[in-house]
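Every chain is numbered from 1, with letters handed out A, B, ... down the list of sequences.
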Amino acid sequence: MRLEGEPGAWRFTRDGLTRDVSVAKLPDGRLSLLFADGRQVCGRARATGMGQVEVVVAGEVRTVALADPLHDRLSHSAAPGAGSGDEEVRALMPGRVVEVRVAEGDRVASGQVVLVLEAMKMQNEIRASAGGVVARCAVAAGQAVDGGALMLVVRDSNG
Amino acid sequence: MRLEGEPGAWRFTRDGLTRDVSVAKLPDGRLSLLFADGRQVCGRARATGMGQVEVVVAGEVRTVALADPLHDRLSHSAAPGAGSGDEEVRALMPGRVVEVRVAEGDRVASGQVVLVLEAMKMQNEIRASAGGVVARCAVAAGQAVDGGALMLVVRDSNG
Amino acid sequence: MKLLVANRGEIAVRILRACRELGVGTVAVFSDADRSAPHVAMADEAVRLGPAPARESYLSVERLLAAARATGARLVHPGYGFLAENAAFARACVEAGLIFVGPDPAAIEAMGSKTESRRRMHEAGVPVVPGMMKPAAAAREIAEFGAKHGYPLLLKASAGGGGKGMRRVESAAEASAAFERASAEAAASFGDGAVYAEKLVERPRHVEVQVVGHPSGEIVAVGERECSIQRRHQKVVEECPSPVVGPALRERICAAAVRAAESVAYTSCGTVELLLAPDGSFYFLEMNTRLQVEHPVTEEVWGVDLCREMIRIALGEPLTIGRPAMRGHAIECRIYAENPSRGFAPSPGAIAALRLPAGPGVRNDVGVEAGGIVPIDYDPMLGKLIVHAGERSAAIARLSRALSEYEITGVDSTLPLFRALVADGEFLRGEFDVQWLDRRLAEGTLLAPPRVREEDVVLAAVALAGGAAVPAGQNPPSSNGSPWRQAGRLEALR
Amino acid sequence: MKLLVANRGEIAVRILRACRELGVGTVAVFSDADRSAPHVAMADEAVRLGPAPARESYLSVERLLAAARATGARLVHPGYGFLAENAAFARACVEAGLIFVGPDPAAIEAMGSKTESRRRMHEAGVPVVPGMMKPAAAAREIAEFGAKHGYPLLLKASAGGGGKGMRRVESAAEASAAFERASAEAAASFGDGAVYAEKLVERPRHVEVQVVGHPSGEIVAVGERECSIQRRHQKVVEECPSPVVGPALRERICAAAVRAAESVAYTSCGTVELLLAPDGSFYFLEMNTRLQVEHPVTEEVWGVDLCREMIRIALGEPLTIGRPAMRGHAIECRIYAENPSRGFAPSPGAIAALRLPAGPGVRNDVGVEAGGIVPIDYDPMLGKLIVHAGERSAAIARLSRALSEYEITGVDSTLPLFRALVADGEFLRGEFDVQWLDRRLAEGTLLAPPRVREEDVVLAAVALAGGAAVPAGQNPPSSNGSPWRQAGRLEALR
């Protein structure tokens, strides 16, 4: 699944099928999605945590599992940073840091929760994708971050 | 006319008559005023500038002139400050400073607009009540102020 | 089966609801001003027509047909206004293989022509306002016309317009002098002294009959609507039934309306508009070959669903309307974004708050919502409030109650006019005619400036001073420590 | 003239609206949980009763009477629930010089007693479910009872309860063995072998008749309501008319209901509840001596205003109800803050969004609003959706349409149940009885887990990625500079 574009105009690709969708915000907060073939869906979506998104369409509530990939990708491990073996943990979406569970110098294991990021009202546990030592912690609890912002650098202690 | 109390419970006095009123905010933003005798008024009020307040009760729009006194009293010139001849300009209501038109050291004339304070969605020009020199400017544009907060000190240049 | 609604606002919403209830798929169209409008949000599919101006969007036959093609819509419903009575559009739909939800284009055309429709009414035995077919050659002809049709008459300049050369004639004795003067005036004004006489209907009411025709040839009249409350020929409040129409008159006007519809083999919902004189005589005005704005009052009182019936007819289904019977009284208020205290100046902009009334006998047909924008490009109608109750006085009481719940802020609205009406003695007694509202507005005896009450002052003062504590069950605000809030005191407000 | 509404929620709002339409002043009462509730905001005056628990507020006779005294209210309307069928409260109102809007306290008392009401029905010739008046001395008595009243029977332990010792008897041949076993079982369970027989009404429907009585002695029956869709004996959906009651049966049950009301000289709005067997026989269940939750479906179909009539009667005015006639079909859904997928667990809390349906044939009687709190202290009913259309199938289509517009977020609601109902074949065919809903819920064949659609996934992804540009006509947001927003790209969501 792949979503490209910007607010208002998106391209959604899944299973090899691509759909262009124009999106407008309605006065009551719902979104109107208008597909290129004319079909429309109006509704709300609210992240409820654990990769789950609650959508409300025509008053009906359904839960969509955007599952682990989104969850994981709220931070992403970017290309090698300053030193080889460094893993940069960046925010993929704008959000707010709720909790930082590590400090510089801490050892972290692969998969360990390093911080909690709130985005779209969903609290997301961000895990280290590899073990190492926290080389840098660029954010503090309560801080707002832009999408793409560097939050943490984990240095491969073997590197 | 005199209004004493605090949010939720007020005492209103006019023409020698005193009325106690309990006030609740309704989910849609209206206020419910409940007088001691049981009578109730529900509605909205919005300052429209120039001391005018638009009230909406049972959907009917009426305009109340609270006139200059309120306007003026959004800031008040408090008791003498540090030095004799000092005039303290304080915010009488919580609000946000929209614009500061003077800097420390500036000469101001009596009646000159020194800053603009937004309170209850109304932008209010705050004027110096006496001429002098700005001895202190304690606020900046964009800053939120509590009721009672010191905003400016004007020193009587003759004092 | 899919239907394209070639309209916007409340009537588009009304049609979309009918489609949903019928299980018919829906296509909305929109201009750039309406991307976030309720009628778009309610449709299964939506197609952009073009920029905001109606010429480039809702009035563009070409773009509407393209939208139908693109979505595979089989039916097109024009609503009212825009292209609803445009025979060329109806014809273009049919030629494109679409079903136009309305009468045959020929019926639209015939009724769209003043002269052709009068001719047909004459043939069908439907009364039209009597008038001389050609200019009077002499004063004697005026007197003869008056003797035949009764006084007063109105002399009109054949070449005239705009009231010039018009002259009232009260009796035969005045005929001669009036003819001379009107002819001289016409000659001076228009270079042509020709004048003709028409019967003058004084203090007329606007009463109209709802008809439903079917391709089988069956035509049913569904009672009348009273639409005399008008502002400059624009209906503002409509009622069903008319307070002055009893069973006998109803039978007569319904029979005439059926004859009118038959004269053009009418096959959809339509309305025959009549001028009703105080003596009970009535005259054909015109026939509206579409669903009217005010159709809901008929629906409420007669227990029919005109919008549904109209679509069913277009789908080739039989009438389900049967022999409906009246029950109770309904009143509709057209709520416009206009300020009645400022000459009904349009008030486009953003709707801040919108509180709709509810409960028994209250129907809201609304095309906007809170936070939405009222564009400057179209008719500024926001929606309609329809009330229904057991009898007229109860309906007015219910209307008054509903108006007390209705709140629109951000834009001006005609709500204050309706609040004044429900408290007006003449309105309560049903004593009005088509000029009544303009007369009362001009006199300044209807819209009193609102009187500020003591409670308003307290509300204003309290609101500005900080209002209420936080509602029960909600968290206290994060801000604190305001000394002013601790012991607020706002002196000498006035 | 001023009326105090001794209730809260949607029924308080309903009564306040009726008062406003009648020109009667209003006093609301509230507990600390309800200071900001709609029923308070709608009243001319309001009085705090006490803390949230009903005992200390809406159930406190003393505080209600004090509120009436303090405000000078002359009438007290109890609504339904709380003190509505409490004869002591009605009597206390009368003794305090107030007008209780309801029947005479004696009528409340008589109908409140199971034995007394059965006795009166017997005298009035209103059928009650036949049962032996004392335990059977021998199996022969069972067979005699069966011969007289027909099979199947139900044997019940005199000392029993909770279904223990109950035994079905299909025919005379089974009577003897069943009696022995039931008696032995009863003796084992309760130490008392006494059993008696009652006629077993199989697959019964709950049908009830609306009556309106007047002090003049006149009592009018206003047709029946079908209330068989129940969850554990609690009505969830009501209709008017019943899909299984035709004109002949209607006449019979209405006549019986009038006799029932006459037996207690009933002088207000009330309801005679009946058990209707598949063969058309019916039996008195109980009489509710108050306005019912489901009164709106009768109002819509019969064109009457029961709430208004009830207050008018209390004011000593004559009946205006006349000889009403039926038209169309109405359905009511009770919308509770409960989760039907979790055993109807109550869901108190703050209502985030509340979008009400509107348009033709839709009535909202609602006691909450967006942003309001549903307290844990009271019945979790948020309000009622009532639809009305020309016939049952059209009413269901309209209900389905209205449900597609209805949105409640923040708390769970019973809306999903109604959406399932309007798509269910048995419901559409009217094939249900009082156990039907519980049966279908237990089977798990009614509430299917919602199926996620492709569009839902797109909506979720798009919303999380930033959704829409700013609506036309509004200012762009002040935040900027997010590189992600500039060229947003959210890869590999799944």
Nearest atoms (heavy-atom pairs only) where B/Pro27 meets D/Ser36
CD-O, 3.5 Å
Donor-acceptor contact present, side-chain B/Gln40 to main-chain D/Val40, <3.5 Å
yes
Heavy-atom pairs under 4.5 Å with chain B: which of D/Ala43, D/Ala350, D/Ala41, D/Gly372 has the most?
D/Ala41
Are B/Asp28 and D/Glu369 close enough that some pair of their side-chain heavy atoms sits under 4.5 Å apart?
yes
Would you kindly say whether B/Ser32 and D/Arg35 are connected by a side-chain donor-acceptor distance under 3.5 Å?
yes
D/Arg48 atom CZ: more than 12 heavy-atom contacts under 6.0 Å:
yes
Between D/Ala370 and chain B, with a heavy-atom cut-off of 4.5 Å, which part of the residue counts as in contact: side chain, backbone, both or neither?
backbone
